[in-house]
Amino acid sequence: LIKPCIEFISAFPSVVLGFFGIIFLGEHLRQLSNASWLSWVPGFPFSERLNALTAGCLLALLAVPTIFTLAEDALNNIPRSFREASLALGATKLQTIVKITVPAALSGMVSAVLLGFGRVIGETMVVLLCAGDRIAIPDFTEGLAVITQPVHTMTGIIAQEMGEVVRGSIHYRALFVVGMALFFLSLLINFFAQKIVRRYRLSIG
């Protein structure tokens, strides 16, 4: 019952999730930040409903189906003999899960998190709609409160400005450099994820 519901999230277009963030999530997060019992949270209360926090919540929602599916596959690929041997030695089901199943699948679960992170690195529409599009360096002197500030992402600035920039200008080349940085960042994340997957497969082989 849970798996189809989680995987159904990936069926929503990112522009629909971005619209949901503008209309519903951003406004409700802003109202929630005004609650007195949350005054201890850095950056609360905040006045901008479109900020890094709103975009981050939606990106986390986008990453869940990828992480969930790959982590489940990693758990299902653990040989049944591992669990049977643990139970035969007198371990309870909980001890078997904590000390046998999860450690054996940990590499696959870590790679699932990395691939989910790589999935959201290249996301465009959600951050373009919900991050606030403020072309300014966030004030990192505020510590964790920086997450409540509007930001402009690399994917967002490429999608927003590439169609109108003068071809061959410094601005045009700068956007290409941003694209190359995104490409190599995604490539690096996927490279480490694949290395972890190989190590995981060898460990149960």
Side-chain angles (χ1 to χ4, degrees), residues 9-23 25-26 29-30 42-43 46-71 107-199:
I9 297 172
S10 60
F12 289 101
S14 57
V15 67
V16 173
L17 290 176
F19 185 72
F20 168 78
I22 293 174
I23 299 300
L25 184 61
L29 282 176
R30 181 172 65 178
F46 55 87
S47 58
E48 299 280 354
R49 64 188 176 92
L50 301 181
N51 51 44
L53 178 62
T54 304
C57 289
L58 288 172
L59 289 177
L61 185 66
L62 279 174
V64 165
T66 300
I67 296 173
F68 181 88
T69 302
L70 294 177
S107 296
M109 294 167 71
V110 171
S111 68
V113 172
L114 288 175
L115 288 172
F117 183 66
R119 158 77 175 83
V120 302
I121 282 290
E123 180 56 45
T124 304
M125 287 308 301
V126 167
V127 294
L128 188 62
L129 293 172
C130 298
D133 288 341
R134 177 181 291 175
I135 304 180
I137 297 175
D139 186 6
F140 291 102
T141 59
E142 295 188 10
L144 291 177
V146 73
I147 65 171
T148 61
Q149 298 179 15
V151 295
H152 206 33
T153 63
M154 291 190 289
T155 53
I157 202 168
I158 291 174
Q160 196 171 31
E161 299 183 7
M162 183 58 81
E164 299 178 358
V165 70
V166 178
R167 187 178 182 88
S169 65
I170 295 178
H171 190 182
Y172 181 83
R173 295 172 184 175
L175 292 177
F176 263 94
V177 172
V178 172
M180 289 173 61
L182 277 171
F183 171 75
F184 284 112
L185 183 60
S186 299
L187 190 66
L188 192 64
I189 292 171
N190 281 280
F191 172 75
F192 282 116
Q194 291 301 323
K195 286 200 70 172
I196 293 173
V197 168
R198 289 195 204 99
R199 184 180 301 174

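These numbers come from a predicted model, not from an experiment.
Counting only heavy atoms from C-beta outward, the side chains of Leu175 and Ile157 approach each other to under 4.5 Å. Using a 4.5 Å heavy-atom threshold, the side chains of Ile135 and Glu161 count as touching. Considering only heavy atoms from C-beta on, Arg49 stays 4.5 Å or farther from Leu29 through its side chain.
Across every non-hydrogen atom of Gln160 and Asp133, the tightest pair is NE2-OD2, 3.9 Å. Of all heavy-atom pairs between Ala112 and Ala71, the closest is CB-N, 3.8 Å. For the pair Ser14 and Met125, the tightest heavy-atom approach, listed with the atom from each and the gap, is OG-CB, 3.6 Å. The two atoms that bring Pro138 and Val151 nearest to each other are CG-CG1, 3.8 Å, heavy atoms only. Taking all atoms of both residues into account, the shortest heavy-atom contact from Cys130 to Leu58 is SG-CD1, 3.6 Å. Taking both residues in full, the closest heavy atoms of Ala63 and Gly116 are given as CB-O, 3.9 Å, listed atom of the first, atom of the second, then distance.
Atom CG of Leu59 sits about 10.0 Å away from atom CZ of Phe117, to the nearest 0.5 Å. Rounded to the nearest 0.5 angstrom, Leu129 CG and Ile22 CD1 are separated by 4.5 Å. Here the CE-CZ distance, from Met162 to Phe176, works out to 5.0 Å after rounding to the nearest 0.5 Å. Atom CZ of Arg119 sits about 8.5 Å away from atom OG of Ser10, to the nearest 0.5 Å. To the nearest 0.5 Å, atom CG of residue Leu128 and atom CG of residue Leu50 are 11.0 Å apart. Note: Ile67 CD1 to Leu70 CG = 8.5 Å, rounded to the nearest 0.5 Å.
Formation of a donor-acceptor pair under 3.5 Å by the Gln149 side chain with backbone atoms of Ala52 is not found in this model. Remark: side-chain polar atoms of Thr69 are not paired, donor with acceptor, to backbone N or O of Thr66 under 3.5 angstrom. One N or O on the side chain of Thr155 and one on the backbone of Glu123 form a donor-acceptor pair closer than 3.5 Å. A donor-acceptor pair is defined here as one N or O able to donate and one able to accept, closer than 3.5 Å; such a pair exists between the side chain of Thr148 and the backbone of Ala145.
Ile158 pairs in a side-chain contact (heavy atoms from CB on, under 4.5 Å) with only one of the listed residues (Leu182, Thr124, Thr153, Val165), which is Leu182.
Atom CZ of Phe20 has more than 12 heavy atoms from other residues, nucleotides or ligands within 6.0 Å. For Phe46, the CZ atom counts as densely surrounded, since its 6.0 Å shell holds more than 12 non-hydrogen atoms of other residues, nucleotides or ligands. The neighbour count for Phe191 CZ, taken as heavy atoms of other residues, nucleotides or ligands under 6.0 Å away, does not exceed 12. Remark: Phe192 CZ is loosely packed, at most 12 non-hydrogen atoms of other residues, nucleotides or ligands lying under 6.0 Å away.
The existence of a salt bridge linking Glu48 and Arg134 is confirmed by a sub-4.0 Å separation between a basic side-chain nitrogen and an acidic carboxylate oxygen.
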